[in-house]
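Below: one structure, written as C-alpha cells.
Nothing here was measured: the structure is a model prediction, and the numbers come from that model.
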Amino acid sequence: MPHKRLVKVILLTGYLGAGKTTLLNHILANDEGIHAAVIVNDIGEVNVDATLIADGGLSETDDLIPMTNGCICCTLSSDLTDQLQSIADSGTFDYIIIEASGICEPIPIAYTISAFCDQERAGGQAPLALDNIVAVVDCKRMYDEFNGGHALLGDDIDEDDIENLLIQQIEFCSTLILNKCDLVSPNQIAELKALIRSLQRDAVIVEAERGEIPMGELLDTGRFDFDRAYNSAAWMDAMEHPEEHDDPEVLEYDITTFVYERRHPFDVDAFAAYVKTWPDSVIRAKGMLWANQDPDMCYVFETAGRQANMQANGLFVASAPEDEMRRIVEANPEVLKDWDPVLGDRMTKLCFIGRHMDRAALERGLDECLVAWDPGRARA
C-alpha cells in the first residue's frame with residue numbers, strides 16, 4: 001500500500017481588511033516548491049477574495065476552492081470536511097490553507113478541523129493535521145478605531161460587539177501577525193504587543209508589512225496543540241458545546257452585506273470624495289472598479305475602516321484586440337458569465353459589509369459618482 005502523505009492545515013483568521021488575502025498571496029508566490037490548496041470562505045453573494053487570489057497568480061500546482069454565503073464553522077461545516085478529505089486523498093498537496101471570513105470565530109472552525117483530522121487518522125484515511133492557526137491584526141486599524149487596542153480590555157463588552165470577535169481571534173491562535181507595522185510608530189507597536197500579551201500569552205508574535213513574513217512562521221510550524229487549547233478555561237464551553245455556537249456570525253454581530261453592481265464607470269475624483277464621507281456603518285468594501293479616467297483598466301478597490309486603497313489589477317478582457325480577446329475567452333470561458341454584448345467585462349462590482357447600513361442611501365451616493373459612457377469607446 002502506498003504511503004499516505006501528511007497534509008498540514010493552516011487556518012488564517014483576522015478581522016475584515018486585516019490583510020489575510022495579501023498574506024495568502026504572499027504564501028502562494030513562494031519559490032520554495034510548496035504545493036498548497038486554498039479554501040476561501042467569504043460572506044455575501046460574491047467571494048471577492050477568491051477572485052483576487054486567482055487573479056494574483058495561483059500556480060498550476062495550487063487549487064482554489066471558494067466557499068461563499070455561509071460560515072465554514074456553521075452552515076458550510078460539512079462542505080469544509082468534504083473538501084479537506086478530497087484534497088488529502090488527491091495526494092497532490094503538502095498544505096491546505098483556509099482563509100476564514102473576517103467575521104468568523106476561530107474556535108468552532110478549529111473544532112471542526114481537529115475533530116475531522118482525528119477521525120480520519122483513526123480510520124486509516126489520508127492523514128491531516130491542524131498545524132497552525134494564524135491571526136492577522138491590522139495595527140493601523142487598532143489605533144484608528146479601537147483606541148490602540150485598549151477598547152478590547154473594557155469590562156462592558158457585549159457578546160455581539162465587534163470587540164468581542166477581535167478578542168476571540170487574538171486569544172485563539174498559535175501565530176499572531178501584527179500587519180501594516182509600517183503605518184504605525186515603533187512605540188505604538190510595542191504598546192500593542194504588550195496589550196496583546198495580556199490577552200494571548202503563548203502565540204508567536206510576528207511583525208509584518210504588507211503580509212510579508214518568512215514561510216517558516218506560517219508553514220510546518222507544529223505550533224497548534226489542540227489539547228492545550230481545549231484545556232483553556234476560556235474556551236472549554238465553546239468546544240464542548242459547539243452546537244450552541246452554530247448561529248452564523250453574520251446574524252450574531254448584526255452584520256449585513258450587499259453587492260453594488262453597475263455597468264457605468266465612476267468618475268474617480270467624485271468617487272474618492274464620496275468615500276471620505278460615507279458612514280461608519282460601512283466596515284468593509286472590496287471589489288472591482290471601472291474608472292472613466294482609465295476605462296480599459298480593471299481596478300481593485302478596498303477599504304478597511306478608514307483606510308482606502310485602489311490599484312490596477314490588469315486590463316479588462318474586452319480591451320484586448322479582437323484575436324487576443326477570443327483566445328483569452330476560449331481559455332477562460334468563466335469570463336462570459338458577466339459578459340455584456342457591448343461592454344464585455346467592463347463593470348463595477350463592489351461587496352459592502354457593515355452594521356446597520358442604509359443600502360439605499362449608499363447606492364444613491366455611489367450612483368451620483370457614475371458618468372455616462374459612450375458605447376463607441378467599447379469593443380462591440
* To do: Using atom types as modelled and distance alone, determine if a side-chain donor or acceptor of D340 lies under 3.5 Å from a backbone N or O of V342.
  => yes

* N/O donor-acceptor pair under 3.5 Å between N332 side chain and V335 backbone -> no

* For the pair Q200 (side chain) and E171 (backbone), establish whether a donor and an acceptor sit closer than 3.5 Å, ignoring hydrogens and angles. => yes

* For H26, does the NE2 atom have more than 12 heavy-atom neighbours from other residues, nucleotides or ligands under 6.0 Å away? -> yes

* Kindly say whether the aromatic ring centers of F301 and F266 come within a distance under 6.0 Å. => no

* **By side-chain contact (heavy atoms from CB on, under 4.5 Å) - contacts of A361 (at least two apart)** => D358, R364

* To do: Give the C-alpha distance, both sets of side-chain angles, the deciding distance and a yes or no for salt bridge (Lys or Arg N to Asp or Glu O under 4.0 Å) between R210 and D182.
  => CA-CA 9 Å; R210 296 175 293 277; D182 52 319; 3.4 Å; yes

* Does T348 reach the main-chain N or O of W290 with its side chain, forming a donor-acceptor pair under 3.5 Å? -> yes

* So, does D161 use its side chain to make a donor-acceptor pair with the main chain of E163 at under 3.5 Å? -> no

* Asked: Picking from D89, D82, T81, what satisfies side chain to side chain donor-acceptor pair (under 3.5 Å) with Q85?
  -> D89

* **Short side-chain to backbone donor-acceptor contact, D131 and T221, under 3.5 Å** => yes

* To do: Identify the two heavy atoms, one from G102 and one from L165, that lie closest to each other, and give their separation to 0.1 Å.
  => O-CD2, 3.9 Å

* Asked: If you group Ile, Leu, Val, Met, Phe, Trp and Tyr by side-chain heavy-atom gaps below 4.5 Å, do V371 and V268 land in one group?
  -> no

* Whether over 12 other heavy atoms sit under 6.0 Å from N147 CG -> yes

* To do: Classify the angle between the aromatic ring planes of F352 and W278 as parallel (below 30°), tilted (30 to 60°) or perpendicular (above 60°).
  => perpendicular

* Counting only N and O atoms by type, is there a donor-acceptor contact under 3.5 Å from the side chain of D345 to the main-chain atoms of V317? -> yes

* Report yes or no: do Y260 and D367 form a side-chain donor-acceptor pair below 3.5 Å? => yes

* Structure fact -> Residues N313 and M297: closest non-hydrogen pair is N-SD, 4.1 Å

* Nearest heavy atoms of G344 and A318, plus distance in Å -> CA-CB, 3.8 Å

* Look at the side chain of Y143 and the backbone N and O of Q188, then say whether any donor-acceptor pair between them is shorter than 3.5 Å. => yes

* **Residues E145 and K140 bridged, charged N to O under 4.0 Å** => no

* **Residues D296, R346: salt bridge by 4.0 Å N-O rule** => yes

* To do: Step by step, work out the side-chain contact (heavy atoms from CB on, under 4.5 Å) result for I133 and I109.
  => CA-CA 10 Å; I133 297 182; I109 306 175; over 6 Å; no

* E207 and K180: CA distance, side-chain angles, deciding distance, salt bridge (Lys or Arg N to Asp or Glu O under 4.0 Å) verdict -> CA-CA 8 Å; E207 298 178 26; K180 307 183 187 180; over 6 Å; no

* For E105, does its backbone N or O pair with a side-chain atom of Q169 as donor and acceptor, under 3.5 Å? -> no

